[in-house]
Amino acid sequence: MDLNDNNFQTLAKHLQDTLNPDSNVRRPAENFLQSIEHNLNFPVLLLALIDKPEQDLTIRVAGAITFKNYIKRNWKTGQDEESENRIHDTDRETVKTLIIQLMLKAPPAIQKQLSDAVAIIGKHDFPKKWPQLIDEMIEKFATGDFYIINGVLQTAHSLFKRYRFEFKSQTLWEEIKFVLDKFAKPLTDLVVATMKLTQDHAGNAEALKVIYGSLVLIAKVFHSLNAQDLPEFFEDNMATWMDIFHTLLVTDVPCLKTPDDEEAGVLEQLRSQVCDNLGMYATKYDEEFGPYMTRFVTDVWELLCTTGNQTKYDALVSNALQFLSTVADRNHYRHLFEDPAVLSSICEKVIIPNMDFRASDEELFEDNPEEYIRRDIEGSDIDTRRRAACDLVKILSQNFEAKIMEIFGRYLEVLLGKYAENPVANWRAKDTAIYLVMALASRGSTQKMGVTQTSQLVPLPQFCQQQILPELQRPNVNEIPVLKADALKFLMTFRSLLGPEITMASLPLMIKHLQADSVVLHSYAACALDKVLILKGADNKSPLVSGPQLVPFSNDLFAGLFGAFDKVGSNENEYVMKAIMRSFSTLQEASIPFMGHALPKLTEILTQVAKNPSKPHFNHYLFETFSLSIRIICKSEYKAVDAFEEALFPVFQGILQQDILEFMPYVFQLLSLLLEAREGKGAIPDPYLALFPCLLSPTLWDRPGNVTPLIRLLCAFVRQASDKIQAEGKLMAVLGVFQKMLASKTNDHEGFYLLQNLISHYNPAELQPCMRQVFSLLFQRLSNSKTTKFVRCFIVLVSFYAAKVGVSQLMELIDSIQPKLFGMVIERVFVLDMNKVSGEMDQKIVCVGSSLILCESGLMLQSYEHLWTPLLQGIVQMFELPPDESNIDGDTFIDIEDTAGYEVAYSQLNFAQPKKYDPLPEVSDTRKFLVENLGKLSQARPGVLPARILQLPIPHQEALTKYCAQHGVQIV
């Protein structure tokens, strides 16, 4: 692609069309751009367009986003032997030459996208393939132009922030050391110079805004560079940095205060980041940080006391409270907090004010319920003041339990008394009280069980009976919804500790609140139901709430759950859908009377959400509910599968035709479930057969999320419609799928599973002529790029072939590829690595196949006598020792699918899991099978085996003698 006006105009036109809300215009433009992105000069053309100041800014921004996504999809390709290089090497070098300069002079909206692109390139190329990057960035510090400096700092932040969460490794250490050696001193010099500029430009709001923006980025880069370990340079210069952080916390800059109560200004962002940095140092490096701790506790305390309750301060307050929590949890700093007067002051001035339910919280509750729920019960990444205050309460109540309980006990009396005086006017007081009790009581929790350990000083059941259940027993479900949501959250939080009586008493109250108009309230009711229904009883096996116990509430339960979908803002409510799934699961057959209403409604919902899938959790639970419904109904009435197919096939057809990526893995799982329900019950219907050729489309197999469910569906076809596959001449296409799977280290096991199904169920007369080529491919892969997983699968397949087709056929097949190759397979693969095979079914197949290889017709004794005893030793070892989990030499493969760009992941539907399939049902005891076959061989060749068995190590001989005695077999 040449850099000419014609190409620029074409590119600009299609970029503009990608912004069109009409999908008929937008989709073709997106497809066109993806179709040309592998052409030479494509990224260079895109960067040149982005750099044209005369071009419309929206198109330039669209180009920057397209460029970033292009880099994200394609830059990592070509990094290993498996993936094809999708970017020409010359383009890679040109991009790295141009991008820094372009990014630094671009407008902010473009700069952000290009900075992210640099970070992506850096993740793969820096430092080894892009060592000059750091030097290019540091050079720009000398310009004195803060627009350029901020661009460099933004890039540094994007590039280094992964150091915060990556696992420690030698490669990571080497990279960080490389960065620190070059970047730590210039960064420190920059922060000192920038602090001087804050004084030089005091009172100049515009200049200070830019300067403080730089300080925010510097503080973020500081965090990233210190996240893995305390670097020597920063330890030596800690006084410089800590003095600066102290100054930033205590210096008021009135001209930077913004009138906006919602959005944090640059001053709030900076102080928040400083508190975050202090929290990191207090957590990780408290010994080195110790001399500064008292000063910063004072700074943070005074900051909290003077900070308002506006939303813009939330991140700052949250990070400040977390810093105090970290310090209070350290034994050697507890003296800072143990004075009752200090504790009272913390409770009064810091904790209670930050636990209060503010007007902005109420606005969020009503206008943005999803975000409210995400923050309140999902524990989202956006830390709230309330959560940070609760965390501080938990730390203080653990370390100073008696004192804190006494102080907060007084506050609780006041808050509950205030509420009792006028519930309608003073409900916020009770809201604070409930959160305070939850924070005081909690000592330890799990996601599945909620809080499992509590303070002995908080009488939870009594508080629940007196303060929680009465809120839910009020007749009007829409009255004071925040308090009712609090009550439901309390029941969820302490669900495993409240006991069966309170749980059963709360069940109808939860169901009643499904009718509430508030999205938060009926979502909490659904969430509470889901969590209660998975609780176990006293025996830790049977459910606390059984199906028969739930039946009396079923009418109200399903009316409330399905009615919630009609409420404004809840048409795709994931909590409600999960509660429907959980209710079906609890009720099992007792849910069938409700299916007649439920399934048409669910099908209608699926039809709607397929038009624009936007809620992944909701969609997952929707498909889980379909899977569960199919299992429940078809279990009692096989012919119901026809009704499911009739209802769902048109929707599935639409999903497949419109290529709705998010839903395709789910559709393939449900199709597999329906097809498997027909197994052994006659011919499969024509709609499935019409679908089969489409399943072989290469495009489908290029998407990683499709592979596992498609293999399962393909195997179901092989088991039930091999004759049709043969009649339509599709065997080679199916083997083409096997070959594609075999070429992937990630998916090769799926290819082996497909091959096993073909060997078991396909017409041998047509399949056998292909097997020489199949095994040639297997040996080629074994020779060129074997992994531990591949070797395991290979051993299982060879054993499976021996068991299903025959040992003589196996030997003949392998030796036809290369003379005496079978002996090499036994010696270099089986004897060395058969003990690496794990999994009950795979081990069974290997034991059965190996026993047959050992004993059938005496072929091993004739042709490979020297390998007979080592193979027997391997079989006994599989019986007696756990699998060897170590990797074979040279195997560095990590089983993570490294795919380009956005790809839909495969999510296994729990209720659509395939049945466990035993391909060798005739063998029930593998030890018995071994010794019986040895017995037959010894009868045919008396006197031959005992001498070979004596060559086994003593423990193996003893084990074999034990098997023979157990099963009455004599080896002569």
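- Ala802 and Leu852 get closest at one heavy-atom pair: O-CD1, 4.1 Å.
- A search for side-chain hydrogen bond (donor to acceptor under 3.5 Å, both in side chains) contacts involving Glu958 returns nothing, not counting sequence neighbours.
- Within 6.0 Å of the CD atom in Gln913, the count of heavy atoms belonging to other residues, nucleotides or ligands exceeds 12.
- For the residue pair His967/Glu932, the side-chain donor-acceptor check at 3.5 Å is not satisfied.
- A salt bridge is defined here as a Lys NZ or Arg NE, NH1 or NH2 lying under 4.0 Å from an Asp or Glu carboxylate O, and Lys786 with Asp833 fails to meet this definition.
- The distance from the OG atom of Ser627 to the OH atom of Tyr666 is 10.0 Å, given to the nearest 0.5 Å.
- Crowding of Glu840 atom CD: a count of heavy atoms from other residues, nucleotides or ligands under 6.0 Å not exceeding 12.
- Counting only distance, with no hydrogens or angles, the side chain of Asp925 and the backbone of Lys928 share a donor-acceptor pair below 3.5 Å.
- Note on ring orientation: taking the six-membered ring where Trp is involved, the planes of Phe790 and Phe794 are parallel (angle under 30°, cut-offs 30° and 60°).
- A pairwise comparison of heavy atoms in Ile660 and Ala610 identifies CD1-O, 3.1 Å as the closest pair.
- Contact check for Val641 versus Ile630: no side-chain heavy atoms found under the 4.5 Å cut-off.
- A donor-acceptor pair under 3.5 Å is absent between the side-chain atoms of Arg719 and the main chain of His761, judged by distance alone.
- Residues passing the salt bridge (charged side-chain N to carboxylate O under 4.0 Å, His left out) test with Glu30, sequence neighbours excluded: Arg26.
- Across all non-hydrogen atoms, the minimal contact from Gln957 to Leu950 is NE2-O, 3.1 Å.
- No side-chain heavy atom of Leu945 sits less than 4.5 Å from a side-chain heavy atom of Arg941.
- For the pair Gln34 (side chain) and Asn31 (backbone), a donor-acceptor distance under 3.5 Å is absent.
- Judged by distance alone, the side chain of Trp868 and the main-chain N or O of Leu854 form a donor-acceptor pair under 3.5 Å.
- Side chains of Lys820 and Ser863: no donor on one and acceptor on the other come within 3.5 Å.
- We find that Lys635 and Glu589 are joined by a salt bridge, their nearest charged nitrogen and carboxylate oxygen being less than 4.0 Å apart.
- How far CD of Gln773 is from CD1 of Ile817: 9.0 Å, rounded to the nearest 0.5 Å.
- A donor-acceptor pair shorter than 3.5 Å cannot be found between the side chains of Gln818 and Asp815.
- Listed here is the closest heavy atom pair of Ser850 and Leu871: O-CD2, 4.1 Å.
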Phe626 and Thr603: CA distance, side-chain angles, deciding distance, side-chain contact (heavy atoms from CB on, under 4.5 Å) verdict: CA-CA 9 Å; Phe626 275 119; Thr603 307; 3.9 Å; yes
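- Note that the CG atom of Leu872 and the SG atom of Cys855 stand 8.0 Å from one another [nearest 0.5 Å].
- At a threshold of 4.5 Å between non-hydrogen side-chain atoms, the residues Phe929 and Cys847 do not count as touching.
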Test log, rule salt bridge (charged side-chain N to carboxylate O under 4.0 Å, His left out), inputs Asp702 and Lys740: CA-CA 10 Å; Asp702 286 338; Lys740 183 175 180 63; 3.0 Å; yes
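- A donor-acceptor contact shorter than 3.5 Å is absent between the side chain of Asn835 and the backbone of Pro883.
- A donor-acceptor pair under 3.5 Å is formed between the side chain of Ser816 and the backbone N or O of Leu813.
- Residues Glu37 and Asn74 bring a donor and an acceptor atom of their side chains to less than 3.5 Å of each other.
- A distance of 11.0 Å separates CZ of Phe800 from CE of Met841, quoted to the nearest 0.5 Å.
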Pair Leu691-Leu656, side-chain contact (heavy atoms from CB on, under 4.5 Å): steps then yes or no: CA-CA 10 Å; Leu691 175 67; Leu656 296 174; 3.7 Å; yes
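- With hydrogens and angles disregarded, no donor-acceptor distance shorter than 3.5 Å links the side chain of Lys804 to the backbone of Gln756.
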Contacts under 3.5 angstrom, residues 709-718 side chains, donor-acceptor by atom type, not counting sequence neighbours:
unit_1: Arg712; atom_1: NE; unit_2: Glu676; atom_2: OE2; d: 3.0
unit_1: Arg712; atom_1: NH1; unit_2: Ala912; atom_2: O; d: 2.5
unit_1: Arg712; atom_1: NH2; unit_2: Glu676; atom_2: OE1; d: 2.8
unit_1: Arg712; atom_1: NH2; unit_2: Ala912; atom_2: O; d: 2.8

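- Counting only N and O atoms by type, the side chains of Thr708 and Glu750 include a donor and acceptor under 3.5 Å apart.
- For Lys724, the NZ atom is loosely surrounded, since the number of other residues' heavy atoms within 6.0 Å does not exceed 12.
- Annotation: side chain of Glu637 is not in contact with side chain of Ile592 (no heavy-atom distance under 4.5 Å).
- Taking CG of Leu671 as the reference point, atom CG of Leu648 lies at 9.0 Å (rounded to 0.5 Å).
- The nearest pair of heavy atoms linking Phe738 to Gly751 is CD1-O, 3.4 Å.
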Evaluation steps, side-chain contact (heavy atoms from CB on, under 4.5 Å), between Leu735 and Leu758: CA-CA 9 Å; Leu735 288 174; Leu758 284 167; 3.9 Å; yes
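- The closest donor-acceptor contact from the side chain of Gln720 to the backbone of Leu675 lies under 3.5 Å.
- Annotation: Glu679, atom CD; neighbour count of heavy atoms from other residues, nucleotides and ligands within 6.0 Å is above 12.
- The ring of Phe911 has its center no closer than 6.0 angstrom to the ring center of Tyr621.
- How far CG of Asp842 is from CE of Met878: 8.5 Å, rounded to the nearest 0.5 Å.
- With hydrogens and angles left out, the side-chain atoms of Glu645 and Tyr688 include a donor and acceptor closer than 3.5 Å.
- The shortest side-chain heavy-atom distance between Val791 and Lys836 does not fall under the 4.5 Å cut-off.
- Contact of the Glu827 side chain with the Phe822 side chain is not registered, since no non-hydrogen atoms from C-beta on lie closer than 4.5 Å.
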Residue pair Arg781, Ser785: steps toward the side chain to side chain donor-acceptor pair (under 3.5 Å) verdict: CA-CA 6 Å; Arg781 170 73 199 277; Ser785 59; 3.2 Å; yes
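- Between Leu622 and Val609, some side-chain heavy-atom pair lies under the 4.5 Å cut-off.
- Taking the six-membered ring where the residue is Trp, Phe879 and Tyr963 present perpendicular rings, their angle passing 60° and hence far from 30°.
- Within the 3.5 Å criterion, the main-chain N or O of Val923 finds a donor-acceptor partner in the side chain of Lys844.
- Under the 6.0 Å cut-off for aromatic ring centres, Phe663 and Phe623 qualify, their centroids lying closer than that.
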Stepwise side-chain contact (heavy atoms from CB on, under 4.5 Å) check, Arg86 with Trp75: CA-CA 8 Å; Arg86 298 184 189 173; Trp75 197 271; over 6 Å; no
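- Counting only distance, with no hydrogens or angles, the side chain of Lys789 and the backbone of Lys745 share a donor-acceptor pair below 3.5 Å.
- For Leu731 against Cys770, the heavy-atom pair with the smallest separation is CD2-SG, 4.1 Å.
- Within the 4.5 Å cutoff, the side chain of Met771 has no heavy atoms near those of the Val805 side chain.
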